[in-house]
Amino acid sequence: MQMNRADLLHAYRTMRTIREFEERLHLEFATGEIPGFVHLYAGEEASAVGVCMHLTDRDKIASTHRGHGHCIAKGVEVQGMMSEIYGRKDGVCGGKGGSMHIADLSKGMLGANGIVGGGPPLICGAALTAKTLKTGGVAVAFYGDGASNQGTTLESLNLASIWKLPAIFVCEDNGYAESTASSYSVGGSQAKRAEGFGIPCQEVDGFDFFAVHEAARVAIERARNGGGPSMLHVRLARYFGHFEGDATTYRAPGEVERIRNEQDCLRRFRQQVSDAALLDSGELDVVDREAAEAVELSVRGAKAGAPPTEADLLTDVYVAY
Amino acid sequence: MQMNRADLLHAYRTMRTIREFEERLHLEFATGEIPGFVHLYAGEEASAVGVCMHLTDRDKIASTHRGHGHCIAKGVEVQGMMSEIYGRKDGVCGGKGGSMHIADLSKGMLGANGIVGGGPPLICGAALTAKTLKTGGVAVAFYGDGASNQGTTLESLNLASIWKLPAIFVCEDNGYAESTASSYSVGGSQAKRAEGFGIPCQEVDGFDFFAVHEAARVAIERARNGGGPSMLHVRLARYFGHFEGDATTYRAPGEVERIRNEQDCLRRFRQQVSDAALLDSGELDVVDREAAEAVELSVRGAKAGAPPTEADLLTDVYVAY
Amino acid sequence: MSKKSYRTAINEALRQEMRRDPAVILMGEDIAGGAGAPGEQDAWGGVLGVTKGLVGEFGRERVLDTPLSESAYIGAAAGAAATGLRPVAELMFVDFVGVCFDQIFNQAAKFRYMFGGNARTPLVIRAMYGAGFRAASQHSQCLYPLFTHIPGLKVVLPSSAYEAKGLLIQSIRDDDPVIFLENKVQYDEEEDVPDEAYTIPFGEANLTREGRDVTIVAFGRMVKIANEAADRLLKQGISCTVLDPRTVSPLDTGTILDCVQETGRLVIVDEASPRCNMATDVSALVAQEAFGALKAPIRMVCPPHVPVPFAPNLEDLYVPNADRVEAAVRAVMGFKARELA
Amino acid sequence: MSKKSYRTAINEALRQEMRRDPAVILMGEDIAGGAGAPGEQDAWGGVLGVTKGLVGEFGRERVLDTPLSESAYIGAAAGAAATGLRPVAELMFVDFVGVCFDQIFNQAAKFRYMFGGNARTPLVIRAMYGAGFRAASQHSQCLYPLFTHIPGLKVVLPSSAYEAKGLLIQSIRDDDPVIFLENKVQYDEEEDVPDEAYTIPFGEANLTREGRDVTIVAFGRMVKIANEAADRLLKQGISCTVLDPRTVSPLDTGTILDCVQETGRLVIVDEASPRCNMATDVSALVAQEAFGALKAPIRMVCPPHVPVPFAPNLEDLYVPNADRVEAAVRAVMGFKARELA
Ligand SMILES: Cc1ncc(C[n+]2csc(CCOP(=O)(O)OP(=O)(O)O)c2C)c(N)n1
Ligand SMILES: Cc1ncc(C[n+]2csc(CCOP(=O)(O)OP(=O)(O)O)c2C)c(N)n1
Ligand SMILES: [Mg+2]
Ligand SMILES: [Mg+2]
């Protein structure tokens, strides 16, 4: 698919916003001001954005513990997210969810998830809604290589297959589940697993936005046209620890630096659009600055925000209270 | 592998005993004297016996709700089983388990299981024990086509694969999970699923004892020699309903009769050994009579047996009581 | 109004709600039956025939047979509920919850709170519970205390056919995740059940009889047993209130406390395993909130802390019965409260 | 004897039992860490470093990193336990039990009973529980009431480093399935812990202090909070017994009842969700068995019936604290029992 300038700028802006968001959180977390667990998505931006560019609010996604990128790509407001991560009342979940539970159903974002493998069954349900109510929507489950070993994920592949659901399974394979390499934990391969359940799988270079974008286009089009589910096996890398605080001693010395220098999806995108003379670097620099400003603003907003009130403890449990 | 006369007779006797056991239960259940759920294995005998012939007490198996055949094949006493099914104190589980929970750990039989997909994880554990303690044993999970869609089963395939466990996964595909056809419920195929987890799979004609026996030999030998897990996808058929009381209206008219007449494993076995002049039909007739007598005796014993005593209600919960 | 079985009442509730609201769908193993098979479709209508006939009226788009994958389809029901359907998912035996509990208690139950109120999850999970079917340890459990423990879930225990219909319709119309538990030995029990749709609100206990001396709180099938005991006790001059809370989450604490204030004595009949169960929950409520009214110790009639045995004679000893309830009531009546003080 | 943290105490218990018995093995996600990775092995030693160093001494044959497949590996631990090993499986956060509960409550817990006594399942499942870590709804639950409800399981809640070591060694030597729950905010708490191996028997409560007026029963981390409150109350002339049951299944009912007989008043502090929890369990026990001794209502100090919130200020409001315990004790002291009667 040919992308127009606006699309390209949007893609770049979204990826850059995610990167800024995550790198800033990395710094802010170190100050001790951010509570709880924070899992950063930096390095994997091309996947979230390459997929979500094809989606609108009627399409649904389910995310993981490493959810910020998916949220931003699906259109969740940066300020609401940042405030949520700081536990503020005006966070997108009122401060009750935090980083691991950011959701915005109005944007079709069914939630980050603290349970690995929690999302794929939910996405079968969202896809079933689309199919039953004929909304024309599709549903996308993002999940990691670790999650690919969880029974909930595997069952979901089969359910989507036999029900021909408009579901896309995006396995974001960053090579590790916490400190455990996927070369150790994943028997067989993702593509063969997909085949095992009767689902087509496309191997995708997750450092290349355009590769993701194109593979996602095919899979999503198939789903929208009643062709059933697909899997994308996206190989990529995370730049920070599993969560903030992880010293990542299990990685090879220099492993991340090498990837950052040689494969980084943002750098590669700039290269590609410059080479093809689609966007010039001045425009992109403007986007860089704007993204940085938006994130800076959100951090200031979050720090200035008020925590939830005592009364909030007891609300939102049931529809009645 | 060449089987000697004793082995052949043993195989036939075991299959025939299972058949007698199940056909008798079918009749006895109809009288209303047998409590609870009873799932009969008749028709599938070649699978249990073809596999278990290669096993000794140090080898472990896990079974399913349809467990009688596996039990008998693994050497559990017929009288103890029958008494258990009648809820008698001298049943192999003291009357506390019933048909769905027959177990005899002394024989390496880790239990029938009321939870579909309950067995495969346990078998990973039994295989791990064998590997860790270097017992030379292997562990076999029998499970159905329905169970092949359960996350516990799928996770176990991967665990066995990456740990290279001496485990064999025997998928007994009788075409139905309750009333649901596997053609509906199983996306992809069993063999491709095995491949998806890096496990070799052999397709096996489950009506042919010798085919099962040979495929099992290869898989078990591989496991014993440190070659890791295998799957056998055994196609077969059950002759009775899912459980006693099921009218099986979901099957095609005449479906079972046709299979009984044309593919029955016992009939085929007789044919094969006669054709090859290995056993004569007189010998086999004797086995038939003896098997019938053994089952008759066990039913009489079970009917005459005493129920557990009131005190038994409160024992066997913990090692201390 | 006509005599209907507990099974029919449930079937009728499903049918009427499906007619009323196209967003209501059903899913579960063999709830139609015969999927992909060469023979009869709707061959089972559920393992005990509760959903029989619905696929004929509503088709396979709304009555979905599932593969044997509870995590996937219960989770799918949760995801569908969060995105615009009103799924009624059948778990068959509640004992199977162990393979899909995460999707219930960490996902569906918590969406609304985790998402700051920005979610609605109108999900019903139907399942069979209870002993008496000779189905042994893995097909006879109650397990409602597990669900009751979890904030965000509602838990319903219909004690009769009439209750089942009204409570199931309420469950389907409710906007929160509801665990609706059917007692498998009651399916053939009949009583008068209105033909039209009606709802019974959650959190309002049913005073099945009023008495002076002792309040009996009983759950699900135990309501009948408690009334049986109360009948006998009345002949002995002991008059009991028998309360059916109908829903254990939310629980009608007000009515329970009011009754105890009046009678001063409490017996609780709970078929669930005795530790951290509803009997302890109600005992604790009363020991904290109505202590001053109590004239005698609270008595709990529960099974012992053992798995459900297979042998019929043991299972019959396991399940609470009217004799045990009667004995408990007589014991609290016989207690000389102030003497011991 | 030397000062050791709760974390070190647990690590030492594992190490000593692994040295003592070659059948003891460990498994869990990242309990060594770095499996298959190019960098450091033993990179994590568990998500919070509890098992650090063990793979170095015992090797990967006995310290097994698992894939992210809790059903498979917890089930494998159960199967291994039934066939000759003594596995200690780590579930990381107890909140994850939803994806593998079947293998715990229908398999491991019931083997012995279903098989008529012909099974032994010496399995330990270690997991972290509790709020206070800002880890939100899916990583902060207690959930021990769920396990306590299930016959066949034993459930251990060590309240300090000393308790943790002795109770874990007992758990490993025990022949039944044990759920051993570690409070994640206590890992750095230090106290004197003997260097040698020792066991603390199950079902024997620890009387952490004796008093005249009120019995406080507290669980896990709440034991410290109860003692903090008791310190303050003593200065106000109110003397409390603080009881740490150590194991909630089996529960030392005898000691609880004895203490209530002496003090006549009971406060229970339970961090678990309030419905069908240990506070209700102990309340019910006492309301049935020691009613005559009670001079005041029983008071339960629990969190509200809501998921654990993320925001720190809400989470701090959620978890029971010494102020609330103090207020509860003062309330039961202020009750004029016989006036209301
Ligand atoms: C059911 C469950 N098990 C374990 C965990 C702990 N955990 C959180 S993230 C994670 C690794 C996930 O790896 P992967 O799926 O590859 O995602 P990544 O972190 O690489 O993005 C683990 C084990 C969990 N949250 N849920
Ligand atoms: C977890 C779980 N879900 C559902 C059931 C109910 N159930 C019992 S047997 C069965 C079908 C099993 O089919 P399959 O695995 O093919 O074995 P078969 O009965 O054909 O031997 C079902 C759905 C169960 N016992 N456990
Ligand atoms: Mg990963
Ligand atoms: Mg089958």
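Letters go in sequence order (proteins before strands), and every chain restarts at 1. Keep in mind that what you see is a predicted model, and the values were worked out from it rather than measured.
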Enquirer: Can you tell me if C/S69 uses its side chain to pair, donor with acceptor, with the backbone of B/N149 under 3.5 Å?
Expert: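 Yes; at least one donor-acceptor contact below 3.5 Å.
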Enquirer: Rounded at 0.5 Å granularity, tell me how far CG in C/D95 sits from CD1 in B/I115.
Expert: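 Between C/D95 CG and B/I115 CD1, I get 6.5 Å after rounding to 0.5 Å.
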Enquirer: At what distance, to the nearest 0.5 angstrom, does CZ of C/F310 lie from CD of B/E84?
Expert: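 Going from CZ on C/F310 over to CD on B/E84, the span is 7.0 Å.
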Enquirer: Yes or no on side-chain contact (heavy atoms from CB on, under 4.5 Å) for B/T180 and C/E29, after CA distance, side-chain angles and deciding distance?
Expert: CA-CA 8 Å; B/T180 301; C/E29 291 157 17; over 6 Å; no
Enquirer: What is the minimum heavy-atom distance between B/S179 and C/A37, and which atoms define it?
Expert: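 Looking at all heavy atoms of both residues, the closest pair is O-CB, 4.1 Å.
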Enquirer: Below 4.5 Å, heavy-atom pairs only: which of B/T152, B/T248, B/N113, B/L154 has the largest tally toward chain C?
Expert: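 Top count of heavy-atom pairs under 4.5 Å with chain C: B/N113.
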Enquirer: So which residue, B/V317, B/T249, B/L314, ends up with the most heavy-atom pairs under 4.5 Å with chain C?
Expert: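 Result: the option with the highest number of such pairs is B/T249.
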Enquirer: Working to the nearest 0.5 Å, report the span between NZ of B/K96 and CG of C/L314.
Expert: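 Here the rounded value is 7.0 Å.
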Enquirer: Should the ring pair B/Y250 and C/W44 be called parallel, tilted or perpendicular, given that the plane angle runs from 0 to 90° and is split at 30 and 60?
Expert: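 B/Y250 vs C/W44 ring planes: perpendicular.
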Enquirer: Take B/E178 and C/M92, measure what side-chain contact (heavy atoms from CB on, under 4.5 Å) needs, and give me the verdict at the end.
Expert: CA-CA 12 Å; B/E178 297 192 339; C/M92 204 179 297; 3.4 Å; yes
Enquirer: Using heavy-atom distances under 4.5 Å, tell me whether C/D65 contacts chain B through its side chain, its backbone, both, or neither.
Expert: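 Both the backbone and the side chain of C/D65 come within 4.5 Å of chain B.
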Enquirer: State whether the side chain of C/Q138 and the backbone N or O of B/G114 hold a donor-acceptor pair below 3.5 Å, judged by distance alone.
Expert: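 Yes.
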Enquirer: Using a 4.5 angstrom heavy-atom cutoff, name the option from B/P308, B/S185, B/G146 with the most pairs to chain C.
Expert: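 That would be B/P308.
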Enquirer: Which value, rounded to the nearest 0.5 Å, describes the distance between B/E310 atom CD and C/D316 atom CG?
Expert: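 CG of C/D316 is found 11.5 Å from CD of B/E310.
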